[in-house]
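Inspection log for the structure reproduced underneath, given as structure tokens.
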Amino acid sequence: MRTNLETEVAGLKLRNPTMLSAGILGLSGLTLRTVWEAGAGAVVTKSLGFKARKGYANPTIVNVGCGYINSMGLPNPGAGKFAEEIKIAKSRGEIVIIASVYGATPEEFVKVARIVETSGADAVELNLSCPSVEGVGMEIGQYPYLVENIVKTVKKAVEIPVFTKLTPNISDIKVITRAAADAGSDGVVAINTVRAIAIDVETGRPILANKLGGLSGPAIKPIALRCVYEASQSVSIPVIGCGGITCWQDAVEFLLAGASAVQIGSAVAYRGLGVFKEVTGGLEKYLRRKGFGSVGEVVGLSHKY
Ligand code: DHB
């Protein structure tokens, strides 16, 4: 049987179901192309806002052994400036780019989404992890009515698929998943980072300048997997898995839990860009060994039991 890794997620044709996740290596057209050339099926940009942001002072990231905690403060050059990078990446050959966007209001999300659509992005991913009220530190993505409002407003403004990235920092992820789906989101990405902290025992101080940050990497894999499992049972739109995927077995586990594709971020730092070929190679062999003709045949299979 011919095994094919090609798949489609919300109308987006992918050569394989792996994606570079937001926040890592997505800060220029050339780095996006490098990751594409390393074998990713799509690449997600660093989160873009309407205006440029410097981000927080260092340290912004700490390796805690089981993963990374980061709090960068959404540093980015602004969507208008970054549009040039998307154009550069697009002009040098085939590539599938998903632009991660954020804003403080639905209107700000729309402005950014329109800019990235015009510059050639194939889809947008809504990063709802930014504070809804400056300084209060609560994430927009924790409130179903805010999520609904943002998704609805962005959906009206752009033609490309809109993915909603879900925060795990909430008691029931199904509520937010349904809010996104009901508002017309073309898919959800589960999950963003898990709120966490690291403290230096000698100085007694929190290590990150911003004190709290988001945990990614192997430590959050079982949490992300549970979120994908619950999200995919609660809606019919595709779920993209994200959180601690490091090897092909992790990718298969996420497909079985209900993910149609997987995003890889921290593992690029742990294992290098070869991780995309490792995952797609292992996945292809698994499909052949198990007699599956396509990725889609595996998606959500664990729900049968
Ligand atoms: C940042 C943004 C995120 O969405 C996240 O999960 C972690 C960190 C940031 O830029 O600070």
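All ligand and atom numbering here is 1-based and tracks the order in the structure. No experiment lies behind these values; they were computed from the predicted model shown.
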Below 30° counts as parallel, above 60° as perpendicular, anything between as tilted: where do the rings of Tyr229 and His303 land?
perpendicular
Could you tell me whether some N/O pair between Thr193 and ligand 1 is separated by less than 3.5 angstrom?
yes
Subset of ligand 1 atoms that lie under 4.0 Å from at least one heavy atom of Gly73
9 (C), 10 (O), 11 (O)
Does Lys165 have a heavy atom less than 4.0 Å from any atom of ligand 1?
no
Atom 10 (O) of ligand 1 - nearest protein heavy atom and its distance
Leu74 N, 2.8 Å
Please determine whether any non-hydrogen atom of Ser129 lies less than 4.0 Å from an atom of ligand 1.
yes
Can you pull out the closest protein heavy atom to atom 1 (C) of ligand 1? Residue, atom name and distance to 0.1 Å, please.
Asn70 OD1, 3.9 Å
Decide whether an N or O pair under 3.5 Å exists between Met72 and ligand 1.
yes
Does Trp36 have Arg15 sitting over its ring (NZ/CZ under 6.0 Å from centre, angle to axis within 45°)?
yes
Considering residues, nucleotides and ligands other than Arg205, do more than 12 of their heavy atoms fall under 6.0 Å from its CZ?
no
Indicate yes or no: does Arg271 engage Glu278 in a salt bridge with an N to O separation below 4.0 Å.
yes
Output yes when Asp122 and Lys90 qualify as a salt bridge under the 4.0 Å nitrogen-oxygen rule, no when they do not.
yes
With Val151 as reference, evaluate Asn149, Val147, Val154 under the side-chain contact (heavy atoms from CB on, under 4.5 Å) test and give the passing residue.
Val147
Ligand 1 to Asn127, heavy atom cutoff 4.0 Å, flagged ligand atoms 4 (O)
Nearest non-hydrogen protein atom to atom 6 (O) of ligand 1, with distance, is Asn192 OD1, 2.3 Å
